[in-house]
Amino acid sequence: MILFTAATYRELKYFCTSMSGFDFQDRTGQCTWGKHIGMSLLECGVGPLNAALGLQSFLATHPEVDMVINIGIAGSYDQDLLPLGSVCLATAEIWPEYGVRTGSGPADPKLLGFPLCGQDKDAVWNRIDLDPRQMSSYGAFFQETLPQDWILAASLTVAGVSGTLEVARELARTCNAGMENMEGFALAYVCRNKGISFAEVRTISNLAGSRSSRDWNYKAAFSSLAGLPARMLKNG
């Protein structure tokens with residue numbers, strides 16, 4: 001079973017625009033792509049705590065889930081790489097807020113001395129590498145190859161989004177990341193600990209760190225989100 005999860009109902013609703021049988025109650029739901037491909041949906045909540053708790057709770061009652069896809073909108077650190085309305089596949093999820101903070105940049109988890117889990121080579125400090133190609137291994141569900149114009153980039157998960165361009169640029173530079181979101185690492189971490197495959201597909205709504213309206217375009221982001229199924233799923 002493959003689960004699609006997003007922070008908000010609005011993101012899930014747009015993602016399911018071209019599907020049938022959309023039925024959503026109490027933060028969970030389902031819809032159908034084509035004639036027979038059914039999907040499970042979860043509104044995990046905004047932010048890393050809500051995301052982790054929401055997914056953990058869902059998996060406790062749905063042990064048949066063997067892959068989780070996080071969809072939704074996100075901020076871009078570089079509009080030349082990820083312009084408004086573009087689609088990004090996360091190659092890693094990084095949590096820059098865990099560890100010891102000694103300056104304006106990310107906290108250092110190794111300075112703290114305690115990994116989030118695991119030991120030695122298996123330790124997770126603040127980064128989980130992702131392989132977007134995992135989706136293609138579900139041949140009956142996803143297209144064999146993903147669209148060439150979808151951009152690969154590492155993603156940062158934060159509880160407090162970048163409020164200035166200076167903060168955003170420092171995070172992007174030190175973590176070598178392309179986009180900023182609020183749930184991805186938490187979802188990836190839950191999946192990693194349960195041995196469940198995880199992928200993340202986000203559409204770009206804004207320039208991270210900018211509060212100017214010219215650097216925001218929800219319409220483009222939600223339009224791209226609505227177009228994801230036709231480009232990633234097989235004809236049902």
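Remark: side-chain polar atoms of Asp108 are paired, donor with acceptor, to backbone N or O of Lys110 under 3.5 angstrom. With hydrogens and angles disregarded, no donor-acceptor distance shorter than 3.5 Å links the side chain of Gln79 to the backbone of Leu207. Between the side chain of Ser76 and the main chain of Asp78, a donor-acceptor pair closer than 3.5 Å is present. Between the side chain of Ser224 and the backbone N or O of Ala220, at least one donor-acceptor pair lies under 3.5 Å. At least one donor-acceptor pair under 3.5 Å links the side chain of Ser86 to the backbone N or O of Pro83.
More than 12 heavy atoms of other residues, nucleotides or ligands shown are found within 6.0 angstrom of CD on Glu64. By the neighbour-count criterion of 12 heavy atoms within 6.0 Å, atom CG of Asn193 is densely surrounded, having more than that number from other residues, nucleotides or ligands.
With sequence neighbours excluded, the residues forming a side-chain contact (heavy atoms from CB on, under 4.5 Å) with Ser136 are Leu146, listed by chain and number. Ser223 is linked by a side-chain contact (heavy atoms from CB on, under 4.5 Å) to nothing, counting only residues two or more places apart in sequence or in another chain. Looking at residues two or more places apart in sequence or on another chain, you find a side-chain contact (heavy atoms from CB on, under 4.5 Å) between Thr28 and Leu42, Phe58. Considering only residues two or more places apart in sequence or on other chains, Val46 meets the side-chain contact (heavy atoms from CB on, under 4.5 Å) condition with Ala7, Thr8, Met182, Glu183.
No donor-acceptor contact under 3.5 angstrom links the side chains of Ser40 and Gln30, judged on distance only.
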Under 3.5 Å, which donor-acceptor pairs link side chains of residues 148-157 to any protein atom two or more places apart or in another chain?
from	atom 1	to	atom 2	distance (Å)
Asp149	OD1	Arg231	NH1	3.2
Asp149	OD1	Arg231	NH2	2.9
Asp149	OD2	Arg231	NH1	3.1
Ser155	OG	Glu93	OE2	3.1
Ser155	OG	Asn181	ND2	2.7
Thr157	OG1	Glu93	OE1	2.7
Thr157	OG1	Asn181	OD1	3.4
Thr157	OG1	Asn181	ND2	3.3
Thr157	OG1	Gly184	N	3.3
Thr157	OG1	Phe185	N	2.7

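In this structure, Leu49 stands alone, with no Ile, Leu, Val, Met, Phe, Trp or Tyr side-chain heavy atom under 4.5 Å from its own, directly or through other members.
Taking both residues in full, the closest heavy atoms of Pro132 and Ala90 are given as CG-O, 3.6 Å, listed atom of the first, atom of the second, then distance. Closest non-hydrogen pair, Asp129 versus Arg127, comes out as OD1-NE, 2.8 Å. Nearest heavy-atom pair, Cys44 versus Thr5, reported as atom, atom and distance to 0.1 Å: CB-OG1, 3.4 Å. Nearest heavy atoms, Ser210 versus Trp216: O-NE1, 2.7 Å. Shown here for Cys191 and Leu55, the closest heavy-atom pair between the two residues is SG-CD2, 3.9 Å. The two residues Ala51 and Ala186 come nearest to each other via the heavy atoms CB-CB, 4.1 Å.
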Step by step, would you call Arg202 with Glu200 a salt bridge (Lys or Arg N to Asp or Glu O under 4.0 Å)? CA-CA 7 Å; Arg202 298 268 185 162; Glu200 183 176 0; 3.0 Å; yes
Evaluate Leu116 against Trp125 for side-chain contact (heavy atoms from CB on, under 4.5 Å), listing each step before the verdict. CA-CA 6 Å; Leu116 288 165; Trp125 293 92; over 6 Å; no
Worked verdict on Asp131 versus Arg133 for salt bridge (Lys or Arg N to Asp or Glu O under 4.0 Å): CA-CA 5 Å; Asp131 182 4; Arg133 293 172 299 179; 3.0 Å; yes
